[in-house]
Amino acid sequence: MEGASGSREHEKEENGSEAKLLRDRFRLSAISIAESEAKKNDMEISKVVVACVADLAFKYTENLAKDLQLFSQHANRKSVNMEDVILCAHRNEHLSSLLRNFSNDMKAKDSHPERKRKKEVKKNDENHHSAHMPDTHEVL
């Protein structure tokens, strides 16, 4: 039994180090963005403030990820979809509206190629009335 608990401890350590690495990378990216924006706008920004904003952004993102996971689980899905993201933004009307518009634009772009493909498939099916019967070596 000690082997199983040792394995679980090792897995927890790996997950902890992965989470720490992810947090550190996120934090460095947030700091880089803040410093870049400050420089672009000819402003000075305190390192303490930048670090605080980076930590808050990471905590917000963690909570967002948990909410997204809960929404998808509640809908009996294993993956998050755009509706889950929009639902997370329901407290911010402006953001929610932007996300809905973005989602609608993406759906509009995605639907056109499918229509063309479906028409092409129908044309090909009409041209090829015979069904392909695989040889036994093709099945195996």
Between the side chain of [X] and the main-chain N/O of [Y], is any donor-acceptor distance below 3.5 Å?
X	Y	answer
S32	L28	no
D55	F58	no
N104	R100	yes
N81	E83	yes

Shared hydrophobic cluster for [X] and [Y] (ILVMFWY, side-chain gaps under 4.5 Å):
X	Y	answer
M106	M82	yes
L64	L95	yes
I45	I31	yes
L87	L70	no

Evaluate the salt bridge (Lys or Arg N to Asp or Glu O under 4.0 Å) criterion for residues K20 and D24: first the C-alpha distance (whole Å), next the side-chain angles of each, then the deciding distance (0.1 Å), finally the verdict. CA-CA 6 Å; K20 185 180 182 317; D24 291 345; 3.2 Å; yes
Measure the [atom1]-[atom2] distance between [X] and [Y] for me, rounded to the nearest 0.5 Å.
X	Y	atom1	atom2	answer
N101	S96	CG	OG	9.5 Å
N76	H74	CG	NE2	8.5 Å
D67	S72	CG	OG	11.0 Å
S103	I86	OG	CD1	4.5 Å

Steps toward salt bridge (Lys or Arg N to Asp or Glu O under 4.0 Å) verdict (E62, K59): CA-CA 5 Å; E62 278 184 316; K59 288 176 183 170; over 6 Å; no
Measure across [X] and [Y] and return the closest heavy-atom pair with its distance rounded to 0.1 Å.
X	Y	value
V80	L68	CG2-O, 3.7 Å
A54	A30	CB-CB, 3.7 Å
S79	D84	O-OD2, 4.2 Å
C88	F71	SG-CE1, 3.3 Å

Is the closest basic N to carboxylate O distance between E35 and K47 below 4.0 Å?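 Yes, this pair counts.
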Within a radius of less than 6.0 Å around CZ of R77, do more than 12 heavy atoms belonging to other residues, nucleotides or ligands occur? yes
